[in-house]
Asker: 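Submitted below is the structure of interest, expressed as structure tokens.
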Amino acid sequence: MKIAIKLAYRNLLGAGLRTWLNVVVLSFTFVVIIWMKGIMVGWDYQAKTDTSNWQIGGGQYWHQQYDPFDPFTFSESHAQIPETFNENIANGDLEPSLIVAGNIYPQGRMQSIAIIGINPKQNVLLLPTQKLDTFINAIPAIIGLSTAKNLKLKKGDFTTIRWRDSKGMFDASEICIVDLFSCNVPAVEAGKIYIPLAVLQKMTGMENEATILTFRKNKMDQQKVDDWVLKTNEDLTKSIDEMIKTKTFGQSVFYGILLLLSMLAIYDTQVLSIFRRQKEIGTYIALGYTRTQVIGLFTVEGAMYSILAALVSAVYGIPFLMWQAKVGWTLPVDASEFGMAMAQTLYPVYSALLVISTVLFVVLITTVVSYWPSRKIGKMNPTEALRGKIQ
Amino acid sequence: MENHSIIQIQNLTKIFPMGKSDFTALNNVTLAFQQGEFAGLIGPSGSGKTTLLNIIGSLDTPTKGTVEILGHSIGNLSAKQAANLRKEKLGFIFQSYNLLAVHTVYENVEFPLLLLKLNATLRKKMILEALEWVGLTDKVDSKPPQLSGGECQRVAIARAMVKKPVMVLADEPTANLDAANSHHILQTMLKLNQELKTTFLFATHDEKVINYLKRRIYLIDGKIDKDILVDH
Ligand SMILES: Nc1ncnc2c1ncn2[C@@H]1O[C@H](COP(=O)(O)OP(=O)(O)O)[C@@H](O)[C@H]1O
Ligand SMILES: [Mg+2]
């Protein structure tokens, strides 16, 4: 094995350009795989971080009737805030919010909207709710940028919202858009309008009631509370992991093709070199190699492409990957159209496991691809190989 | 006398299947060689010289008859045993040198020693000694494409001789060389034969080579025609 490595190394370096072509193509494969996987890990991390920061904090309690995908549940999904959380609320680690189904009338058109009451002084979530802490002759409201675009509303615009109160009676009021916020998490802004919690509770006659209780990060207080369902941060971000997993699968098709191309190049090189180097193969055998050892030598030679490629990709790949991790990769299309938490710029995250597993995987595949055509040597007659007569 | 034979060939026949009919390349050959001979198989092209050399070199096997090399019966050896025999006891020299083109002279000569798993210091000593025998100590770092044909063949001799094999098999070693280079390598081999008692067995139809041989075995159509000992 040691001899094979030594010989293979000399043979490869001696082969010159052909070797470096294969090595560069393969090194490119390494860098792209690690970069693409890194982007996915980074996206997953960013999506979970943004979702935590903007939407779910350190975990939530939901009213047992609440179903975020069914606005018809909103009329039932509210209850008195359990007293057991009074202390958490008092020291600012827990923020209740109330969700009511309503309509909004921008330029006289009617659109359904979820009206969310939230404490203007909260800082559990990144929502700029402090802007709601103001006095104007309408209800102050904040909405997300793309919702504002859909509703054709600008900062400072006045419009009307309508809702049903606790007794099912319709009521309406004027609101003023005091601020627009930009957020990567579609669920936070799509079809939602935020107003002060106390105002909403009063409007609907749901004094001291809430739909969702959101904890500050790392301040989750897990207990069993009647009528309320515990949703940990992990529960709520599981769908992100699943989403990323499906995206990763689609992505692996891409680098599968890249890998296939570089493996074809190596396979082709192997077939050609076994054909062209028959005399050399015969000579190895005459000097005391068995055919099996020659197969080993050619396999090591092929596998060494991947080792050299790993070294070459380290030379330009490490600076490139580190630079990417710093400046990130900006999506060429509008990220808000992806339908999940996605920043316009994604920052790849690489783990040692990612790098090591990628290298091992590629080395393994290359070894198999190099071994496969080399098996032909096992059937070669050494005397014919020495004459160079095998086709 | 029989006891000192390093090669004993009894009724060796080699038949190559050629489509429907068979081709008899060696026909009932019986021969023996002693340690230290400087002998050659002589005959026209197609007379079976290479075939016989390959069988003696354990690269091929007899169809009929027995071939014993240093006590090993060719034909009964496993691939591994045959490889070990070549690795430890035999050296090969080819018409077209068969050097590793991308390796240096030093590395080419080193190859058989790597197979024997000798350590680097010992290897170096042996390689330089072998290159001295053939007069190429100034070319250690050259690669075969930078050398002349004569130099290449001298590298090949160094590679065959470096491990001090019991026997060297040389198939048409001068076929690609001019007269001066042919004489040069033949003198080198003769000197090694005398100093190291290495047995040399040639396959040739080159008069220059034949003149150096101390034993001339003429082959015609796979049969031994004459077997002559020469007194110089
Ligand atoms: N592997 C083989 N298959 C078929 N015929 C062969 C094979 N090897 C050699 N021969 C034939 O056997 C004969 C002797 O060949 P060879 O030993 O190479 O002769 P020489 O070396 O004396 O020129 C030639 O006619 C050659 O064509
Ligand atoms: Mg021949």
Side-chain angles (χ1 to χ4, degrees), chain A residues 1-20 22-23 269 272-298 300-301 304-305 308 375 377-390, chain B residues 14 16 25 50-55 57-61 77-104 106-118 120 123 143-145 156 159-160 162-163 165 168-171:
Chain A
M1 188 69 178
K2 224 172 102 188
I3 304 169
I5 289 169
K6 201 167 190 160
L7 283 176
Y9 180 72
R10 286 173 186 171
N11 287 343
L12 278 193
L13 292 195
L17 189 64
R18 176 98 201 179
T19 297
W20 293 115
N22 284 337
V23 165
T269 308
L272 204 72
S273 94
I274 288 158
F275 175 74
R276 285 203 305 215
R277 292 163 63 190
Q278 287 176 40
K279 268 198 176 174
E280 184 184 330
I281 292 168
T283 308
Y284 287 134
I285 294 171
L287 294 181
Y289 252 175
T290 61
R291 283 181 292 197
T292 315
Q293 285 173 310
V294 181
I295 294 175
L297 172 64
F298 276 72
V300 171
E301 252 186 62
M304 204 173 269
Y305 283 117
L308 290 178
R375 291 175 313 152
I377 296 167
K379 296 192 198 80
M380 276 188 188
N381 182 333
T383 62
E384 283 173 33
L386 275 170
R387 290 167 191 241
K389 278 226 178 116
I390 304 158
Chain B
K14 180 67 183 180
F16 292 112
T50 299
T51 305
L52 182 52
L53 220 53
N54 283 340
I55 293 173
S58 80
L59 291 169
D60 210 344
T61 49
L77 294 180
S78 68
K80 183 83 202 154
Q81 289 168 324
N84 282 338
L85 176 66
R86 293 191 295 272
K87 179 164 74 179
E88 288 158 13
K89 305 283 164 56
L90 304 180
F92 285 84
I93 295 170
F94 306 95
Q95 173 178 341
S96 51
Y97 328 128
N98 293 20
L99 300 175
L100 302 172
V102 300
H103 296 218
T104 63
Y106 186 94
E107 290 164 351
N108 266 285
V109 179
E110 186 181 30
F111 184 83
L113 304 181
L114 285 175
L115 291 193
L116 290 171
K117 302 197 159 67
L118 302 181
R123 286 205 304 268
K143 289 188 178 172
R159 179 176 69 182
V162 70
K163 63 189 176 193
V168 170
L169 303 169
D171 195 352

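Residue numbers begin at 1 in each chain, while the letters A, B, ... track the order of the sequences. Values below: all heavy atoms of this structure, side chains included; hydrogens, waters and symmetry mates excluded. Everything numeric here is computed off the predicted structure, so don't read it as measured data.
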Asker: Checking heavy atoms, do the side chain of B/Lys143, its backbone, both or neither come under 4.5 Å from chain A?
Answerer: neither

Asker: Check whether B/Glu110 gets within reach of chain A through its side chain, its backbone, both or neither, counting any heavy atom under 4.5 Å.
Answerer: side chain

Asker: Non-hydrogen atoms of chain A under 4.5 Å away: do they reach the side chain of B/Gln95, the backbone, both or neither?
Answerer: neither

Asker: How close do A/Lys279 and B/Ser96 get, heavy atom to heavy atom, and via which atoms?
Answerer: NZ-OG, 2.9 Å

Asker: Based on non-hydrogen pairs under 4.5 Å, which of B/Leu99, B/Leu169, B/Asn98 is most in contact with chain A?
Answerer: B/Asn98

Asker: What are the two closest non-hydrogen atoms of A/Leu287 and B/Leu115, and how far apart are they?
Answerer: O-CD1, 3.3 Å

Asker: Find the distance between OG1 (B/Thr50) and CZ (A/Arg387) and round it off to the nearest 0.5 Å.
Answerer: 6.5 Å

Asker: Taking the side chain as every heavy atom from C-beta outward, state whether B/Phe111 and A/Leu7 have any pair of such atoms under 4.5 Å apart.
Answerer: yes

Asker: If you take all heavy atoms of A/Thr290 and B/Lys80, which pair is closest and at what distance?
Answerer: CG2-CA, 3.8 Å

Asker: If you compare all heavy atoms of A/Thr383 against all heavy atoms of B/Leu59, which two are closest, and at what distance to 0.1 Å?
Answerer: CG2-O, 3.7 Å

Asker: For A/Ile285, is there any backbone N or O sitting under 3.5 Å from a side-chain donor or acceptor partner on B/Arg86?
Answerer: yes

Asker: Please rank B/Ala83, B/Gly91, B/Ala101, B/Ala79 by heavy-atom pairs under 4.5 Å with chain A and give me the top one.
Answerer: B/Ala83

Asker: With the side chain counted from C-beta on, respond yes when A/Leu386 and B/Phe92 share a heavy-atom pair under 4.5 Å apart, and no when they do not.
Answerer: no

Asker: What part of A/Lys6 gets within 4.5 angstrom of chain B, counting heavy atoms only: side chain, backbone, both, or neither?
Answerer: side chain

Asker: Would you mind checking which part of B/Thr104 comes under 4.5 Å of any heavy atom in chain A, side chain (CB onward), backbone (N, CA, C, O), both or neither?
Answerer: neither

Asker: Would a 4.5 Å heavy-atom cut-off, applied to side chains only, mark B/Asp60 and A/Glu384 as touching?
Answerer: no

